[in-house]
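Only heavy atoms go into these numbers, but all of them, side chains included; no hydrogens, no water, no symmetry mates.
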Amino acid sequence: MNKKIVIFIAILISLVSIVFIAVWGTLPESSSQSVIESLVINDYDETNEDGDKFKDILNIVTSDQNVYIIEYEFLPIDAAYRITATSSRTDVSLQVDEVNQKVYAFFDLSAIGKTVTIRIIDKGTQEYDEITL
């Protein structure tokens, strides 16, 4: 009888530890770090009445130099962030450099000279800014 009780206690402790690990793994991250309050792209040529930003890059992006770098800022500086970027065109691929706060837009030859809208988004807060090139 003594062995059965020990085995039962061992199985019970194993089940409780599995449940504890499952609950611990699904808890949200610590909120000790602040979140992004604003995310902005400062380098643009003009805006329209809706506040949409536009930048003329016809002389910057060519068949020899097919990369355009978009710099962005977010506040507060010490905020937790998960930055991604999207493009309105499939022939413009993007790479995000979170450390230097830059998005590299790589233009295929078929996309050079055509309009594209780039949106930079923080996944945690859904704050975003966009620019049309």
Side-chain angles (χ1 to χ4, degrees):
M1 193 76 143
N2 197 11
K3 287 183 179 181
K4 290 181 180 180
I5 293 173
V6 171
I7 291 174
F8 178 72
I9 291 173
I11 291 173
L12 187 64
I13 290 173
S14 297
L15 290 173
V16 169
S17 66
I18 290 171
V19 169
F20 177 74
I21 290 169
V23 169
W24 183 267
T26 59
L27 291 174
E29 293 183 21
S30 172
S31 61
S32 63
Q33 204 170 18
S34 59
V35 296
I36 289 180
E37 295 172 6
S38 70
L39 185 132
V40 294
I41 300 169
N42 289 323
D43 184 24
Y44 56 91
D45 294 333
E46 61 184 72
T47 60
N48 64 9
E49 58 195 33
D50 294 330
D52 299 330
K53 298 175 182 179
F54 297 94
K55 176 80 176 173
D56 181 13
I57 60 168
L58 285 176
N59 296 329
I60 299 171
V61 176
T62 63
S63 59
D64 295 330
Q65 178 62 33
N66 66 334
V67 178
Y68 182 70
I69 301 171
I70 304 166
E71 296 185 16
Y72 63 91
E73 298 176 351
F74 58 82
L75 293 175
I77 296 172
D78 63 341
Y81 56 87
R82 293 182 307 174
I83 304 297
T84 60
T86 60
S87 169
S88 64
R89 296 185 60 88
T90 58
D91 49 4
V92 176
S93 57
L94 304 173
Q95 181 178 358
V96 178
D97 181 357
E98 289 183 336
V99 175
N100 296 315
Q101 298 179 351
K102 296 179 181 180
V103 174
Y104 296 88
F106 297 93
F107 288 78
D108 288 348
L109 291 178
S110 62
I112 295 176
K114 298 187 178 155
T115 302
V116 61
T117 300
I118 308 292
R119 178 179 280 196
I120 302 172
I121 311 161
D122 173 51
K123 282 185 164 183
T125 61
Q126 298 302 311
E127 286 289 326
Y128 72 91
D129 198 4
E130 61 187 14
I131 188 167
T132 302
L133 308 172

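A continuous path of ILVMFWY side-chain contacts below 4.5 Å connects Ile70 to Val116, so both sit in one hydrophobic cluster. In the hydrophobic clustering of this structure, Val92 groups with Leu109; members are Ile, Leu, Val, Met, Phe, Trp, Tyr whose side-chain heavy atoms approach within less than 4.5 Å, directly or through other members. Clustering ILVMFWY residues whenever any of their side-chain heavy atoms sit less than 4.5 angstrom apart, transitively, puts Leu12 in a cluster other than the one holding Phe20. Residues Ile57 and Ile41 fall within the same hydrophobic cluster, defined by Ile, Leu, Val, Met, Phe, Trp and Tyr side chains chained together at heavy-atom separations under 4.5 Å.
The existence of a salt bridge linking Asp129 and Lys53 is confirmed by a sub-4.0 Å separation between a basic side-chain nitrogen and an acidic carboxylate oxygen.
Asn59 CG: 12 or fewer foreign heavy atoms inside a 6.0 Å radius. Crowding of Tyr68 atom OH: a count of heavy atoms from other residues, nucleotides or ligands under 6.0 Å exceeding 12.
Using modelled atom types, no side-chain atom of Glu73 and backbone atom of Asn42 make a donor-acceptor pair closer than 3.5 Å.
Asp43 has its side chain out of reach of Glu71: every pair of non-hydrogen atoms, C-beta onward, lies at least 4.5 Å apart. Thr132 places none of its side-chain heavy atoms less than 4.5 Å from the side chain of Asp52. Counting only heavy atoms from C-beta outward, the side chains of Asp56 and Phe54 never approach each other to under 4.5 Å.
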### Task
Could you go through the side-chain contact (heavy atoms from CB on, under 4.5 Å) check for Tyr128 and Thr86 one step at a time?
CA-CA 11 Å; Tyr128 72 91; Thr86 60; over 6 Å; no

### Query
So Ile120 and Phe74, side-chain contact (heavy atoms from CB on, under 4.5 Å) or not? Walk me through it.
CA-CA 11 Å; Ile120 302 172; Phe74 58 82; over 6 Å; no

### Message
Set out, in order, the CA-CA distance, both residues' side-chain angles and the distance that settles side-chain contact (heavy atoms from CB on, under 4.5 Å) for Leu15 and Val19, then state yes or no.
### Response
CA-CA 6 Å; Leu15 290 173; Val19 169; 5.6 Å; no

### Query
What do the steps show when you test Leu133 against Val61 for side-chain contact (heavy atoms from CB on, under 4.5 Å), and what is the final call?
CA-CA 10 Å; Leu133 308 172; Val61 176; over 6 Å; no

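Of the inter-residue distances, the one linking Tyr44 atom OH with Lys55 atom NZ reads 11.0 Å to the nearest 0.5 angstrom. In this structure, CZ on Phe106 lies 12.5 Å from OG on Ser87, to the nearest 0.5 angstrom. Expressed to the nearest 0.5 Å, how far CG of Asp97 lies from CD1 of Ile69 amounts to 9.5 Å. Here the CD-CG distance, from Glu130 to Leu39, works out to 11.5 Å after rounding to the nearest 0.5 Å. Between the OG1 atom of Thr117 and the CZ atom of Arg89 there is a distance of 10.5 Å, given to the nearest 0.5 Å. One finds the CD atom of Gln95 at 12.0 Å from the NZ atom of Lys102 (value rounded to the nearest 0.5 Å).
When every heavy atom of Ser38 is checked against every heavy atom of Glu127, the shortest pair comes out as CA-OE1, 4.2 Å.
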